[in-house]
There are 2 protein chains.
Amino acid sequence: MLLSKACIYGVRASLYMSLVYQKDRYISIREMSEKLNISFHFLTKILQQITHAGLMHSYKGPNGGINLSKDPNEITIIKIVDAIDGMAVFTECVIGLPGCGRNKPCPLHEKWAVARQELQDMFENTTLHEMAISSKKLNLRLSDELSIEELMI
Amino acid sequence: MLLSKACIYGVRASLYMSLVYQKDRYISIREMSEKLNISFHFLTKILQQITHAGLMHSYKGPNGGINLSKDPNEITIIKIVDAIDGMAVFTECVIGLPGCGRNKPCPLHEKWAVARQELQDMFENTTLHEMAISSKKLNLRLSDELSIEELMI
DNA sequence: TATATTTAAGACAAATTAGTCTTTAATAAA
DNA sequence: TTTATTAAAGACTAATTTGTCTTAAATATA
Ligand code: SF4
Ligand code: SF4
């Protein structure tokens with residue numbers, strides 16, 4: 001598995017956030033957890049990591065919740081990944097040898113270094129906005145149960 | 001982490017095996033575990049998975065051990081990965097949604113499907129032999145401690 | 001045959017990741 | 001000011017992965 005469960009949930013929640021994004025409108029974690037079928041408390045902790053990274057803001061009390069700290073077209077997926085799993089996936093060795101790049105490289109290096117970079121580029125060049133657009137257009141799925149159309153009713 | 005620890009150790013051990021490969025010569029797991037700095041019992045279980053997949057043979061008793069069931073140039077890395085972690089990495093969704101491809105695809109699909117395929121190609125098109133050759137040539141590292149030159153003394 | 005060497009098998013323990021629950025703090029609105 | 005609503009914090013449990021240990025089975029060789 002490339003990304004941890006926590007990270008995966010973080011990405012899904014971010015996508016949901018950008019689908020319903022309106023400046024100054026807070027989305028409750030409870031609502032999101034139910035729509036996306038993710039444990040409420042687990043999602044809360046994941047979103048805390050994301051807010052600590054400065055990508056979202058939270059607000060307590062009635063009508064409180066979470067909102068994106070910038071427009072979805074200014075947030076790339078890699079920021080979400082970084083906030084939760086860190087950048088290790090994009091820097092570490094496929095076969096787990098320490099000190100990649102610093103000392104002599106290991107056998108798989110030539111091919112892995114390329115693939116790794118492509119993965120990083122993919123996350124780096126995809127914004128939440130871009131994904132939200134194509135999601136809506138194609139009525140793609142964001143939870144295991146519901147398509148985006150069903151999700152946003 | 002793309003591959004599990006078990007899988008990573010399996011790949012490292014396979015590389016070691018192909019570096020010292022001689023038809024009908026068994027390598028003891030003890031020796032390998034010490035050279036590669038991997039827990040002996042853990043490595044034993046990993047190699048069992050690989051032998052069950054038919055990629056290696058084992059032999060008990062004095063001068064027993066493990067050997068590759070085919071020439072290293074007939075074994076691709078993906079076979080090792082498959083034997084331990086399975087093929088899920090190459091088929092599953094980045095954001096963990098079930099039923100990829102069968103129903104409607106999810107937002108990241110277009111980019112991920114390409115990256116995923118490239119990763120699979122990389123493992124599919126790299127043989128143990130190929131890696132062993134370039135490893136020797138460049139004196140690359142296979143354990144966190146020793147380069148291949150030091151390893152094979 | 002007896003002994004030493006080696007893998008096989010499986011119980012067990014430790015570490016990490018995933019997920020749950022309870023209590024506290026902040027805020028809005030009645 | 002009281003109550004309801006929401007996120008924050010942290011203790012706790014469950015599941016999975018990683019790693020250890022002990023015993024059994026197979027084999028070579030003395
Ligand atoms: S040089 Fe490449 S293959 Fe080697 S340790 Fe680094 S990432 Fe891995
Ligand atoms: S279609 Fe692509 S992005 Fe969607 S679930 Fe499948 S792999 Fe993932």
Side-chain angles (χ1 to χ4, degrees), chain A residues 1-13 17 24-69 81 83-86 88-89 92 95-96 144, chain B residues 1-13 17 24-69 81 84-86 88-89 95-96 144:
Chain A
M1 204 160 37
L2 190 73
L3 306 176
S4 70
K5 281 291 192 89
C7 188
I8 282 170
Y9 296 156
V11 171
R12 290 192 207 169
M17 295 287 296
D24 301 325
R25 180 187 165 214
Y26 288 89
I27 305 297
S28 93
I29 302 178
R30 176 70 64 184
E31 177 195 321
M32 237 190 302
S33 75
E34 282 166 2
K35 296 253 190 176
L36 298 180
N37 214 24
I38 299 171
S39 148
F40 167 69
H41 292 288
F42 195 29
L43 184 56
T44 296
K45 287 201 285 193
I46 294 163
L47 289 171
Q48 272 173 52
Q49 294 185 263
I50 295 178
T51 56
H52 288 155
L55 302 168
M56 298 185 186
H57 288 135
S58 69
Y59 203 82
K60 291 177 185 170
N63 302 313
I66 305 283
N67 77 354
L68 296 172
S69 62
V81 172
I84 299 165
D85 278 356
V89 217
E92 78 193 352
I95 58 173
D144 44 358
Chain B
M1 203 161 38
L2 190 75
L3 306 176
S4 69
K5 282 293 193 88
C7 187
I8 282 170
Y9 294 158
V11 172
R12 290 193 207 170
M17 295 286 296
D24 300 326
R25 181 188 165 214
Y26 287 90
I27 304 297
S28 95
I29 301 179
R30 176 69 67 184
E31 178 194 321
M32 238 190 300
S33 75
E34 281 166 2
K35 296 253 189 176
L36 298 179
N37 213 23
I38 299 172
S39 146
F40 167 69
H41 293 287
F42 195 30
L43 184 56
T44 296
K45 287 201 284 192
I46 294 164
L47 289 171
Q48 272 172 50
Q49 295 185 262
I50 295 178
T51 56
H52 289 157
L55 302 169
M56 298 185 186
H57 288 135
S58 69
Y59 203 82
K60 290 177 185 171
N63 303 313
I66 305 282
N67 77 353
L68 296 172
S69 62
V81 172
I84 299 165
D85 278 355
V89 217
I95 58 173
D144 44 358

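Protein chains get the first letters and strands the later ones, always in sequence-line order, with residue 1 at the start of each.
Within the 4.0 Å cut-off from OP1 or OP2 of D:dA9, at least one side-chain nitrogen or oxygen of A:Q48 is found. Between A:T51 and D:dA7 there is no side-chain polar atom (N or O) within less than 4.0 angstrom of OP1 or OP2.
Listed by chain and residue number, nothing satisfies the side chain to side chain donor-acceptor pair (under 3.5 Å) test with B:E34 (two or more places apart in sequence, or in another chain). Partners of B:N67 by side chain to side chain donor-acceptor pair (under 3.5 Å), not counting sequence neighbours: none found. Take A:S4 and apply the side chain to side chain donor-acceptor pair (under 3.5 Å) test, not counting sequence neighbours, and it matches A:D85.
Distance check: A:D144 CG to A:L36 CG gives 9.5 Å after rounding to the nearest 0.5 Å. Residue A:Q49 holds its CD atom at 12.0 Å from OG1 of A:T44, rounded to the nearest 0.5 Å.
We find that CG of A:L43 is positioned 14 Å from P of C:dA18, with the value rounded to whole Å. Taking atom CG of A:N67 as the reference point, atom P of D:dT6 lies 15 Å away to the nearest angstrom. Between the C1' atom of D:dA7 and the CD atom of A:Q49 lies a distance of 15 Å, rounded to the nearest Å. At whole-Å resolution of the value, CD1 in B:I27 and C1' in C:dT6 are 14 Å apart. When rounded to the nearest whole Å, the span between CD1 of A:I66 and P of D:dT6 equals 12 Å.
Between A:Y26 and A:Y59, the ring-plane angle classifies as tilted under the 30° and 60° cut-offs.
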Worksheet item: What string of B, S and - do you get for nucleotides 17-30 of chain D, 5' to 3', if B is base contact, S is sugar-phosphate-only contact and - is no contact with any protein heavy atom under 4.0 Å?
Response: -SBBBB--BBBS--
Discussion item. Side chain to side chain contact (heavy atoms under 4.5 Å, CB included) for B:I84 and B:I50? Distances and angles first, verdict last.
Written reply: CA-CA 7 Å; B:I84 299 165; B:I50 295 178; 3.9 Å; yes
Item to complete: Please test A:I29 against A:I66 for side chain to side chain contact (heavy atoms under 4.5 Å, CB included), starting from the C-alpha separation and ending with a verdict.
Response: CA-CA 7 Å; A:I29 302 178; A:I66 305 283; 3.7 Å; yes
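Scanning residues 28-35 of chain B for heavy-atom distances under 4.0 Å to DNA chain C yields B:S28, B:I29.
The two atoms that bring A:A83 and A:A53 nearest to each other are CB-CB, 3.7 Å, heavy atoms only. Closest non-hydrogen pair, A:E92 versus B:M1, comes out as OE2-CA, 3.7 Å.
For the helix from C:dT1-D:dA30 to C:dA30-D:dT1, the rotation axes defined at the first and last 5 base pairs enclose an angle of 10°, given to the nearest 10°.
In this structure, B:S28 contributes its side chain and B:G65 its backbone to no donor-acceptor pair below 3.5 Å.
Toward the 5' end of DNA chain D, the nearer of the two residues A:G64 and A:H52, judged by each one's closest nucleotide, is A:G64.
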